[in-house]
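Let me begin by presenting the structure, written as structure tokens, before commenting on it.
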Protein chains: 2
Amino acid sequence: MDQPDAAAPAQDRKAPATIYDIARHTGVSPSTVSRALNKPGRLNPDTERRIREAAKELGYRINPMARALPTGKTGTLGLIVSDITNPVYFDLVRGAERAASEAGFTLIFADSQESGELELTTAERLQSYVDGLLLVASRLDDRQIQGLSSVKPVMMVNREVPGIPAVVPDVRPGITDALDQLRRLGHRRIAYLSGPPLSWLNGMRWKTLFDLAVEWDMSIVEVKSTAPTREGGAEAFQRVKAAGVTAVFAYNDLVALGLLRECREHRIDVPGRLSIIGFDDIFGADLPTPALSSIKSPLSEIGEKAVRRLLSELDGTQGGTEILLQTRFVSRESVAGPHEVQ
Amino acid sequence: MDQPDAAAPAQDRKAPATIYDIARHTGVSPSTVSRALNKPGRLNPDTERRIREAAKELGYRINPMARALPTGKTGTLGLIVSDITNPVYFDLVRGAERAASEAGFTLIFADSQESGELELTTAERLQSYVDGLLLVASRLDDRQIQGLSSVKPVMMVNREVPGIPAVVPDVRPGITDALDQLRRLGHRRIAYLSGPPLSWLNGMRWKTLFDLAVEWDMSIVEVKSTAPTREGGAEAFQRVKAAGVTAVFAYNDLVALGLLRECREHRIDVPGRLSIIGFDDIFGADLPTPALSSIKSPLSEIGEKAVRRLLSELDGTQGGTEILLQTRFVSRESVAGPHEVQ
DNA sequence: TATCGAGGGGCAATCGATTGACAATTGCGA
DNA sequence: TCGCAATTGTCAATCGATTGCCCCTCGATA
């Protein structure tokens, strides 16, 4: 006998309460309500209490749009990554989220699908919603980024651009440890399976590795990959093999995993004939046999720091332009002495 | 001789252009500008063109906050997942993003960190920003969700609530295939390593599996896990072992991976002594040896469909209340006949 | 008793865009 | 040449919250 759709609340939505409703309810003016809610102490304690109670009773929730209009502040930050499905960004996203919500800010994520054009469009679209933008591993060129930054504050992550504040990992410690381990194990000829040419981080990794290898008198070559993915790593297998090295650093773990899998398919013993080291220590790096060694960035910390710095930038409390966070080498089974297994 | 900070555009940000600027620039009134930009054809084609040109020239970008005030539409959707770092959500997020941006909407993500309380808070906070909410695998109870839905449209994903539209996978096809394969291989006693009791999907998986096992005259038991994570799976190892089954379905791939790893640690042969099947076919499921078999949901499609339905809900074009999408079994190395390896 | 000052609270303008109502212009036919 | 309708554009109110400025009240002090 019940009405068929009794459970469906879908239709009529009550308009949310405004400060005007509260004002009417308590017999004060809207401005007083605004003050009661935003400037504790400015009003008679009793009035303030009455207003607060009425607000609670009416289920008042501030309308962020309406507030944003006079203040120009939206209480929102935008985070743009090149590929949201890349496991690398997990911890970063999580760290950023935590820092943002601690500060009462809302984080908006977007994804540029590895396309510079789309990244620019997205960034511009997002800029009208947010108070500031976080660009992670941006593929834009310096000028475009400076352009964005002339509209609203921009914070770079895993990339440096003159004049723009940034939070980046210091790749040196991790690379030094890893290379040192390889050297001790007897490796002399190594390769770097590189990533996207436009990636700042790719450049840093290569340069740091190169300099160190030269310094330590090891031979090093760059092997290019076609994409920073597992497919890209698999596809580069023949070229890596042809390079005749005993160890390879891959641009990131995805590429390393692809290569690792392909080695297995072709019965190339890892780590016996080839040691493989990735970057980022993403989810799943420890899953294969052999488990992948990797150079880990403190990504969640990077996310947090980036948000916090952006927020302090919004306050006007700008610090220096760059924050460095240390990487470290996570050694797993994919590394051993060359030809250890005959 | 350059100024030290010449490259730093940080400081003075020019205020963005408004329709008033355009109006002044072209000698018409602001309302005309608004019409030119929003109602093509309403104005003299020549006027419209002039206004559009001026808008471009001044780099005009609409202020979404200002627009939201009179219209009540923000052009934004909110997506809440229980844990943003869970690889399960990758494809879902990506599909949702694609559908949203196709429609010119911006997607806001949030994460409830597996906590019902936080989920409610987050949902409420988000609601004032967005036109509609997508709740993925929500841990809230039906009443809370109906409450949210009385404020703004809500769309459920991977969960059903009376009266609320939903997009969910149909777990039957995948489970049927998987169980059928196990049966043919000779398995008779299986276990379900269950997930969070509050998870609707967990309930569906268990119930479907149970009914089918009973129907096919196989014995089945539920083994509880403490968390839907790799740790949770590893931790359940002893209980699974004690259950004396030859095959186990795990609530999701994370749990399955945890269990798989623990089997290896304890030298329990998979799939020889125990076949393992997960759900979701997440990134990395194919990485371990043996590679994990899994029942896959079309997550990216689910994300897309959910957004599209929510959008049509906003239009008033509401369809039915439920959309089902088919799952399928992805068979890999973690499944074989029992005791195949003696 | 007159004056001063501080605390408490209201008024009204403002942010940027939208939109219903209305006014001005134009063109056309009679 | 006049009138009418269609076309084109403007006015002004509105959305919800903020905030500078001003006024009122009341107690304290001279």
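Nothing here was measured: the structure is a model prediction, and the numbers come from that model.
- Of the possible donor and acceptor atoms, one in the side chain of Arg159(A) sits under 3.5 Å from a partner among the backbone N and O of Leu140(A).
- Under a 3.5 Å cut-off, the side chain of Arg61(B) and the backbone N or O of Arg125(A) do not form any donor-acceptor pair.
- The distance between the ring centers of Tyr89(B) and Phe90(A) does not fall below 6.0 angstrom.
- Between Arg24(A) and Asp21(A), at least one side-chain nitrogen of the basic residue sits less than 4.0 Å from a carboxylate oxygen of the acidic one, meeting the salt-bridge criterion.
- Comparing the axis of the opening five pairs of the helix from dT1(C)-dA30(D) to dA30(C)-dT1(D) with that of the closing five pairs yields an angle of 60°, rounded to 10°.
- Considering OG of Ser138(B) and CG of Asn158(B), their distance stands at 11.0 Å, rounded to 0.5 Å.
- Taking for each of Asn38(B) and Thr71(A) the nucleotide of DNA chain C with the nearest heavy atom, the 5'-most of the two is the partner of Thr71(A).
- Taking atom CD of residue Glu48(B) and atom C1' of nucleotide dT7(D), one finds them 14 Å apart after rounding to whole Å.
- What separates CG of Asn44(B) from C1' of dT10(D) is a distance of 15 Å, to the nearest Å.
- Residue Lys39(A) places at least one side-chain N or O closer than 4.0 Å to OP1 or OP2 of dT19(D).
- A heavy atom closer than 4.0 Å to some atom of DNA chain C occurs in Ser31(B), Ser34(B), these being the qualifying members of residues 23-34 of chain B.
- Heavy-atom contacts of chain B under 4.0 Å fall on DNA chain C between two terminal nucleotides, which in 5' to 3' order are dG16(C) to dA21(C).
- When the options Leu135(A), Val168(A), Leu134(A) are evaluated for a side chain to side chain contact (heavy atoms under 4.5 Å, CB included) with Met156(A), the one that passes is Leu135(A).
- To the nearest 0.5 angstrom, Thr122(B) atom OG1 is 8.0 Å from Asp111(B) atom CG.
- Nucleic acid contact class of Leu43(B) (heavy atoms, under 4.0 Å, all strands): sugar-phosphate only.
- Each of Glu313(A), Glu301(A), Glu102(A) was evaluated against Arg308(A); a single residue qualifies, Glu102(A), per the salt bridge (Lys or Arg N to Asp or Glu O under 4.0 Å) test.
- Atom CE of residue Met65(A) and atom OG1 of residue Thr74(B) lie 5.0 Å apart, to the nearest 0.5 angstrom.
- Residue-environment remark: CD (Glu117(A)) stays at or below the threshold of 12 foreign heavy atoms within 6.0 Å.
- Looking at which nucleotide of DNA chain D each of Arg42(A) and Ala17(A) is closest to, the 5′-most match is held by Ala17(A).
- With rounding to the nearest 0.5 angstrom, the CG atom of Leu133(A) is 5.5 Å from the CD atom of Gln127(A).
- Atoms CG (Leu69(A)) and P (dT18(D)) sit 11 Å apart, rounded to a whole Å.
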